[in-house]
Each structure stands twice: as structure tokens, then as C-alpha cells.
Undergrad: 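Okay, handing you the structure first.
Sequence lines set the chain letters: A, B, ... in the order given, protein chains first and strands last, and positions in each chain run from 1. Remember, predicted model here, so these are calculated numbers, not experimental data.
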Amino acid sequence: MSLLVEANDIRVEFGKLIAVDDVNFTMSAGDLLGLIGPNGAGKTTLLRVLAGLQSPTSGSAKILGYDVRDESHRVRGQVGFAADSPPAYEEMTVEQFLCFIADLNGIHGTEAEERIDYWLDQVWLEDKREEKVSSLSRGMRQRITIAQTLLPSPAVVLLDEPSSGLDPAGRIQLRQVIASLAAQGKAVIVSSHILADLEEFCTHIAIIERGGILRYSHVDELSHEDTGRCNYKMKIGGDADHTQALMAVEGVSHILKRGSEYVVQYDIGEEAAAVLLRNLVEMRLAVVSFTKIKDSLEEVYLKTGVRQVD
Amino acid sequence: MQYLVLGNPMWSGQLALQGGWRRLFWTSAFYALLLVVVCAVALKWQEFKTEREAAIWIIKTLPYVQILVLFASGMPARAKAMIRDHTTVMIESIRIAPMRATSVVAGYLFGPVIATLIAWLIGVVVGWVVINAYGLGGSGDWMFGNAVLLISVMTAWSLQVFLGVGPKKPNGAIIAAYVAFFFMGRINEALQCAPGTSLFLGLHPAVSSMGIMRGAYPAQNSLAIGLFASVVMTLFWFWAAVRRFRRPESSALSARGAVILIGLWAMCAGGSFLNKDVLHAGSRIIGEKTLPLMGMIVATLSMVAIGLPIAAAAQSFRSEVLQSREPMGRLKSKIWPSAIAALLIALMLMWVITYAYMNWNQKFNDLWLVLVASTLLYFGAFRCGAFRKGSTTSTWTKIIAYWVLPAIIAAVWMGVELSRDFAPQSTRMGVLFYLSPIGTLISTWWFPDSYFQIGIVVQLGIAIAVVVVGYWVERSFRRKREDRFELDAIGRDVPIVSDTDTHSVPSNNGDET
């Protein structure tokens, strides 16, 4: 399958500051990448490079196989970029503004009207159609930004903090919209500090620190990629305390007991889980249930030891 | 849906922002009504003997209104639009839209000034009606003068767009400068002999157009050069704006563009020498001993004209140096020899003309020499900075430190000496004075017989030294860079495999990409 996004050794320097440090990754249709990292880590700069708004000091970014700098005329219109501060003309009405965006992207007439209707409906702004942008709240402007970004139907969507300012219902709706984009075969990159959202809809996660990618993996593999450490929840029959017995098992480093339930931290890795289970059975423990506990994205993020950029 | 598509999305957007056609219609109608009322009041209440006299007064006054409308109304309108796009970050949405850059620049050129252009057209029509209604004659001059005005204004407008499409929010300095030009008549006249400045910025034909509207044509060669320069400069700024819109974080001009700009300026300077009468008129004003301030203003304006290409060239340097750190051979485009050659040609031209016209103002000529020396110095300093640190003297603080601070220190010191009666008034100018172009200019104007020669010699000496140092710095930089690339090439022979090098995302169907 052809690649929609290619980041090849992208490096961006602002004087002595390295904003993006030799970043590499590729994305295909349907991939949904979440960028997480502290403020000033370089997420926005990376998105701006991919959008063609910032030239890399070295390396290259390709969209649909075209270099965003040298072949920008082929890339424009294929990338939708929603900045963290909602750009909009406050003097226009919501409809006028979306008309302008459609016009800017070469969409006219009936098609423009249909798309505007569709996206106003999608972002719940149908009833605000005739209102001036200046009269809208921060969250509503954020919705306009999402509509503005997606109206031209770009192949690659870059969203910088799309959830900021959105109410809970708006966030749920945004998750649905983003998931539908991936289903349409678009490549989506979302930079966000709301990790629970990213965990829900992203296929991949990249943790960025000081411009470089600290970790990058499929969202399902993220929790134990580096350490091999897994947590298992098990229920053991009987009233006796089996903590000491469990501690004797090789690889078990930590145990948390809640009634007859035990949460065991096992350091050898997922592949050796069968060995753990066999050891438990050999010890004649009545294992009633045995379940792997997945780390939340927040836990994974904290475990990586990402520091706040000075 | 209250949105009218005009062919260029920027025009449509700006129209919507201005309130749509209906709002524009009423504004225009109000303006037309205002003009008619003013004309009627003038005809009724002014003490003209005949209506024809009143009509002549209107036609003499209306050119000022026309120029006011295009400059004092058009430029702020565009500045407002561009500042708004920067503030709301809309300019970034426009940058990534699949629009041609030429359309965007044309959009900024005309979109925000639709109302201004309509007002100007109304003025043209009102003037034409007055001329024909009272049989004044010269309706052709009126129309031609307005056309010349529009062409010259286009130079200023396209320069404004060029400044506005950069990475930073534009400020109002350019508007203030242009508006000031037209409301300080003596400066206009004096500007005519500042080599190339008035042509370079589209001022000369704009001033000429006012005379043409009244039937007073300037010398043919002056008009031809003015119009030609306006068209060329408009195209140049338009082209530069197109490039800058696409690459806002790069240098404002490409290396080639900076050289072309310096060449155009030299051409404008050369062209202005062809009009002997204008030069002499200007030189007389500059030479008036009662107007040293005027000379200073003209000299400063000349420096601004020179500073534009120099700043652009310096930015090109920086960009070239930064780019050259990665791929080999990127530093092919060497701007500085071309730029210095262009300046030296202009300097030689200046001297040739000076000797050809014996009554040319020598003081202004000397000033011009100081400016060229300062320019070389500035250029060399930029060059050293670029190759030593990979960055240029880009902050205003550094510029002020170089241009103004030595003059201030020297002036204070001179004041102290004078107050103590330590030295005769005409001779004591600190040596520090001559390190600053401003200081040299002041000493040249106020004390022409004392340290002038020393000032020039000091400046030229420093300029040459800095250029030579710049040459060695660049040579050292190139050598180090080549060494580093050789090391890199050796290092790349060893394959480095790391699982963190490339992160591949598997596609949905499970294929590894």
C-alpha cells in the first residue's frame, strides 16, 4: 500500500534550539497517529513541517510521495492542518467563512453548499450558520476549525490540540469524526494532551521529547514494548494468603492483594506468561481467573520518564 | 447565502469582510455624494468670479484627493487585511490551500482595496465630468494623469504586499513613510536628486501624475523613466511577494532577487541622472545652507533605499550559510561579489555624472560617497556575522548600536567639550563619529571643511578591512565544512542499524510498509 506520509530524518533548528530532532516515520491509509509529549517538545513544529508551513533544516517530509517543500504545488489541498489557535475571520458569519474556505480550495456551487451543510451538521453548528464567528465561544470556534480543515477532504489530516475548548459531548463527537476519517482511508495525526482520547481512537502513538521521538509503536504494543514488564490479575480460590507463595515465583516483582484477587507484576514478559501460569498450577494454587492488565496510555507516558522542556 | 464568488477567492473573502456588495455600494454612493457636495459648496460659496474659475480650482484640488485616496486609504486598508490574516493565523490556512501564489498576491493587492479603487474611479469620473461640463479642456491629461498615478501606486502597493506576506505581522512604517512623502512637498522635490530613490519606490511618477492631471507634463525622459521604473519595480515586488508567500521563513529575497534589486536600484539611480533639470532643481534644494535638515532627510531616505537590498542580501547570506551546512555545493550562489560590483558601478556612475554636470552639488555627492562606504561596511559586517556564527545582525538593537550609538556618544562628548570651551566648534568631532554612517553624515554636513576627508577615509578603510576579513572568515568556514563532509562521507560507509532509526507503521491489511 502506498505511503501517505513519510518523515525522513526531519530536523528543525531555531538558532541553537533543536525543535525537531531527526524524526522518522511513515503512515499509510487508515493510520491514526497520536503525538504526545510535554509543552515545547516539538509536536506543533513537526505538524507544521508536514503541512508545508515550516521548512526543515534538514531531512524531508513527503505527502502522497511528494516532497512538501519542493513539490508543494502537488501537496497543497491534500493536507488539512488545524492549528491549536482556531483561525477564522471574526467579521464573517459561520457560513460565509466556510464558503471562503471552500472557495479557497476550489470547491464551488452545489458541491460547496453540500459540503458546508454536511460539516455544519457534523460539528453541531447548523443552528449557528448565520451567526458571526466573533459571537461564538472558544469551543464552537474549535468546531469551525475542524469543519474548515476537513471540508476540502484532504488525504492527510493534521490536528493540533483539536479537543481544546471542546465540551465532553464535543470531545465524544470529535473522536467519532476522527475515527470515521481513518475509516475513509485518510492518514490522521493528532497532537493532544488528552491521552485517554488518543488511546481510544489512535492506531499508533509517538511520545516526543525535546524534538525527538522517544517511543513509537502500535497502541496495543505500547504498554510493554521496552520493559517487557506485564501485570496480571488473578483470582485464587480459598481463604489462605498466597502472597508469599507468589513472591517465590521467578520473575514476580510486586504483588497487590485485594481480597482473593492478586495483581502480580511479572518482569519476564508476555511470552513467558504461560510459564507463570504453569508455575502457579504446579504450586497447587486454585487459579480461578488469570487476566493480563493493560497499562493505560497515561501510565505508559509517565513510565517513559518524559521531562518538561525548559 | 451572502457570499459572492469573484473568481479570485481572496477578492471574494475580502468583499465579504468589507460587508458585501450592498455595503460597498452605499459606501461608494456616500463618497460620490460627498465629492459632489464639496464641489457644489466650492462653486457656491468660494469667491470665484465665474463658475469656470471654480471648476479650475476643483480640477487643481482633486489630484490631491485622488492621491490621498490611493495612498492614505488604500495602504491602511491593505495593512489592516494583512495584519488581520497574521493575527488570526488565516494566512497559514491560505498558504496550504491549493491556490496559486500569484492569485494570492493579486488577491492581497486588489482585494482589500475594492472600495478604494471604486472611490478613485468616482474621483476620475467627477473630474472628467467637471472638465467637460465647463469646457476646461485636457480631459485626456486628466485620464492619463490618473493612469500614471495608479501605475506608480502599484509599486507602493506591491511593495506593501511583499512586506506583508512574510512570517511576521507587517507594521505601519511603510504607510507612514509613503504618506509623509506626499504631504511634505519640499522632500518630494529634494528626493528627485537622491539617486534613484523616488523612482525606486514609485514616488517620482506619483508626484508627476498630479502635474499631468492639470495638464503640466514633466520632461519626456523623466516621465518615460518614471513610468518604466514603476512598471519594472511593480513586477519585481510582485514576483518577490509570490516567492516570499511560498517560502516565508526563507530569506525575504533570493540571492538572485537581491542582486536584481540592487541592479534595479542602480538602474533607477542611473536613470534619474538623465533628467538634468530635475537633478539641478533637487540639488539646489539640498544645497541650500538654510536647509541642512532637508539634506539629512534626503540622505536618510537614500540610506533606506539602499538598506532594503542590503538587508535582503544579508538575509540571503544567512539562508545560504544555513543551507550549506547540510548538502554539499549549496553555496554556489554568491551574492556578495555581484552586490559589491553593482554598488561600485553606481558609485562610478555618480562620479562620472558629477564631473559631467559641474554645478552638481558637491556636498550631496560627498554624502553619497559616505553612504556607499557605509553600505560596503554594513555589507561586510553582515558577511562576517553570517559565516562566523551562522546568523546575521538581525536585531534592531544591533543595528541601532552600529548606526546610531556611536553618533550619540560622539555627540555627547562633543557637547561636553564645547561646553567647557576646550575646542573650537568647527573641528572637534570624535573619531568614533566616523565609525557610524550617521556620524559621518552629520560631520560631513555641518563641518564640511574639517574632518570630512578623514571620515570618508576611515569609513572606506574599515569597509575594505571588514570585507577582507569576511573573505577569510568565509574561506575558513568553507574549509571546515568540507572537512566535516569528508568525515561524514567516511562515517556513512559504515552501516548503522538501529531499531529507533525508522519507525514503520503497518498498514491496516497487515502489510509492513
Undergrad: What residues of residues 75-83 of chain A sit under 4.5 Å from chain B when only non-hydrogen atoms are counted?
TA: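 When heavy atoms of chain B are the reference, residues 75-83 of chain A contributes A/Arg76, A/Gly77, A/Val79, A/Phe81 within the under-4.5 Å range.
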Undergrad: To the nearest 0.5 Å, how far apart are CG in B/Leu15 and CZ in A/Phe100?
TA: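 Atom-to-atom, B/Leu15:CG and A/Phe100:CZ are 12.0 Å apart.
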Undergrad: For B/Gln18 and A/Glu91: C-alpha separation, side-chain torsions, deciding distance, then whether side chain to side chain contact (heavy atoms under 4.5 Å, CB included) applies.
TA: CA-CA 9 Å; B/Gln18 289 170 33; A/Glu91 298 89 336; over 6 Å; no
Undergrad: Which bit of A/His73 comes within less than 4.5 Å of chain B, counting heavy atoms only: side chain, backbone, both or neither?
TA: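 It is neither, since no heavy atom gets under 4.5 Å.
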Undergrad: Looking only at heavy atoms, what is the nearest atom pair of A/Gln148 and B/Ser93, with distance?
TA: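 Here A/Gln148 and B/Ser93 meet closest at NE2-OG, 2.9 Å.
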Undergrad: Is the shortest distance from a Lys or Arg side-chain nitrogen in B/Glu92 or A/Arg48 to a carboxylate oxygen in the other one below 4.0 Å?
TA: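 A salt bridge links B/Glu92 with A/Arg48.
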Undergrad: Pick whichever of A/Ala88, A/Pro86, A/Gly185, A/Gly212 has the most heavy-atom pairs under 4.5 Å with chain B.
TA: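 Ranked by heavy-atom pairs under 4.5 Å with chain B, first place is A/Ala88.
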Undergrad: Could you tell me whether A/Arg138 atom CZ has more than 12 heavy atoms of other residues or ligands within 6.0 Å of it?
TA: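 Buried by this count: over 12 neighbours within 6.0 Å.
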Undergrad: Drop me the distance from A/Tyr89's OH to B/Arg84's CZ, to the nearest 0.5 angstrom.
TA: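 Nearest 0.5 Å value for the OH-CZ distance: 6.5 Å.
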Undergrad: State the CD1-CD1 distance between B/Ile94 and A/Ile101, to the nearest 0.5 angstrom.
TA: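 Answer rounded to 0.5 Å: 8.0 Å.
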Undergrad: So, for B/Gly13 and A/Met92, which heavy atoms are closest and what is the spacing to 0.1 Å?
TA: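 In this case the closest contact between B/Gly13 and A/Met92 is O-CE, 3.4 Å.
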Undergrad: For B/Arg100, which atoms come within 4.5 Å of any heavy atom of chain A: side chain, backbone, both, or neither?
TA: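 No part of B/Arg100 comes within 4.5 Å of chain A.
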Undergrad: Can you measure from CG (A/Leu104) to CZ (B/Arg95) and round to the nearest 0.5 angstrom?
TA: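 Atom-to-atom, A/Leu104:CG and B/Arg95:CZ are 12.5 Å apart.
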Undergrad: Report which part of A/Leu33 has an atom under 4.5 Å of a heavy atom belonging to chain B: side chain, backbone, both, or neither.
TA: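 Neither the backbone nor the side chain of A/Leu33 comes within 4.5 Å of chain B.
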Undergrad: What do the steps show when you test B/Met99 against A/Asp103 for side chain to side chain contact (heavy atoms under 4.5 Å, CB included), and what is the final call?
TA: CA-CA 10 Å; B/Met99 264 186 83; A/Asp103 197 15; over 6 Å; no
